[in-house]
2 protein chains.
Amino acid sequence: MDRKTRLRQSGLSCTRWRYNILKILKDSHLPLTSKDIYKMLPTPKPNLATVYRNLNRLVEKKLVRCVTLGERARYYELIQPDTHKHRIICKTCGQIEAFEPVGCDLKSFEKLIKEKFNFKVEEHSLEFFGTCPKCQSFHSQR
Amino acid sequence: MDRKTRLRQSGLSCTRWRYNILKILKDSHLPLTSKDIYKMLPTPKPNLATVYRNLNRLVEKKLVRCVTLGERARYYELIQPDTHKHRIICKTCGQIEAFEPVGCDLKSFEKLIKEKFNFKVEEHSLEFFGTCPKCQSFHSQR
DNA sequence: AAGTGTTTGCAAAACATTTGCAAATACATA
DNA sequence: TATGTATTTGCAAATGTTTTGCAAACACTT
Ligand SMILES: [Mn+2]
Ligand SMILES: [Mn+2]
Ligand SMILES: [Zn+2]
Ligand SMILES: [Zn+2]
């Protein structure tokens, strides 16, 4: 489905910036900050407030997800049905990798949570923190 | 071990505010924000900058961990060796629960990450987002 | 093409966190 | 216990991110 239809379907009008922000998120394999997105938007640039307003609108309509990854700024990523990612984050250089778990084996946790806390789990976020290959070798050579 | 000794051991002097902040974190079963901690400190209150400076110092010395839980502000929690928690967060009211996994079964993931990305995992963070019992009933009754 | 509700730019506010600097404190040593 | 030095503190100001009010521009229906 094209982006314009996707937006209309969610009850959003298809404006220049909304369309472009959604496109950028669709093409990115990693989550992006508002600044990342701002930089990738074509010139003439919109106001940063416009980027934020659109991101909030897209999150509200569940086309986009907002994640916090230990950094100051928030990250945004397209929600893709039937896929989900786990993340690997380098504590030294901040590099982010994502991988799609072959079969995510956290159902047993979710069951436990339902039974013990009567809490209805809708999604989960799993991040591994450590040191990336580059920073490992940099570290050992000094 | 008492807090004073714990601080000295890590190469930190034992100042009034440092001591109290560490005590508050030790007594809390949930992660706290700088504001939470500020409110819990005795009167006369320190400057907020002092709270931040101490939290950063405690994180740097690995007595405390900083976590982001989808909120704007950062949360801080005492690092307790040989224990680790997973979190359950209500997307409606923001309530946070924590549970200690009986045996955390993520070793297979860490192995995969080592092999596939040559990334050295040091810790992980697992959060479940959804709706707490209270918000479930509130939602269904309207 | 006109009308209406939504989005935009701009400037200012709100919020979390950090920083420079001079005065106060902690702690080692005498 | 008194003294010296490095560390911490309060205060005010700066920084970085996100939100908001308002008037003009735009998207979409009719
Ligand atoms: Mn998963
Ligand atoms: Mn775990
Ligand atoms: Zn790295
Ligand atoms: Zn709730």
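Here is how names work: the chains are called A, B, and so on, in the same order as the sequence lines, proteins then strands, and each is numbered from 1. What you see is a predicted model, and the numbers here were worked out from it, not measured in a lab.
- For A/E100, the side-chain contact (heavy atoms from CB on, under 4.5 Å) partners are A/T83, A/K85, not counting sequence neighbours.
- Between A/E71 atom CD and D/dT18 atom C1' there is a gap of 17 Å when expressed in whole angstrom units.
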(request) Using a 4.0 Å cut-off on protein heavy atoms (strictly under), produce a 5'-to-3' string for nucleotides 11-19 of chain C with B for base contact, S for backbone-only sugar-phosphate contact, and - for none. (result) ----BSBBB
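- The salt bridge (Lys or Arg N to Asp or Glu O under 4.0 Å) check on B/R57 picks up B/E60, with sequence neighbours excluded.
- With sequence neighbours left out, A/T5 forms a side-chain contact (heavy atoms from CB on, under 4.5 Å) with A/M1, A/D2.
- Rounded to 10°, the helix from C/dA1-D/dT30 to C/dA30-D/dT1 has 40° between the axis fitted to its first five pairs and the one fitted to its last five.
- Hydrophobic clustering, defined by side-chain heavy atoms of Ile, Leu, Val, Met, Phe, Trp and Tyr closer than 4.5 Å, leaves B/Y19 isolated from every other such residue.
- Under the side-chain contact (heavy atoms from CB on, under 4.5 Å) criterion, A/K91 pairs with A/F129, B/E122, B/E123, sequence neighbours left out.
- Cluster partners of A/L12 are A/L7, A/W17, A/I21, A/L22, A/I24, A/L25, A/L32, A/I37, A/Y38, A/M40, A/L41, A/L48, A/V51, A/Y52, A/L55, A/L58, A/V59, A/L63, A/V64, A/Y76, A/L78, counting Ile, Leu, Val, Met, Phe, Trp and Tyr whose side-chain heavy atoms approach within less than 4.5 Å, directly or via other members.
- Spacing between atom CZ of A/R57 and atom C1' of D/dC26 amounts to 15 Å, rounded to whole angstrom units.
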(request) Would you give a per-nucleotide map of nucleotides 25-30 of chain C, 5' to 3', where B means the base has a protein non-hydrogen atom under 4.0 Å away, S means only the sugar-phosphate does, and - means neither? (result) -SSS--
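- Applying the side-chain hydrogen bond (donor to acceptor under 3.5 Å, both in side chains) rule to pairs touching residues 6-15 of chain B yields B/S13-B/R18, sequence neighbours excluded.
- For A/W17 and D/dC26, the shortest distance from a side-chain N or O to OP1 or OP2 is not below 4.0 Å.
- By the salt bridge (Lys or Arg N to Asp or Glu O under 4.0 Å) test, A/E77 is found to be paired with A/R65, A/R87, residues two or more places apart in sequence or in another chain being considered.
- Using cut-offs of 30° and 60° for the angle between ring planes, the B/H86 and A/F109 rings count as perpendicular.
- Taking atom CG of A/N54 as the reference point, atom C1' of D/dT19 lies 14 Å away to the nearest angstrom.
- Not counting sequence neighbours, the partners of A/A49 by the side-chain contact (heavy atoms from CB on, under 4.5 Å) test are A/N47, A/R53.
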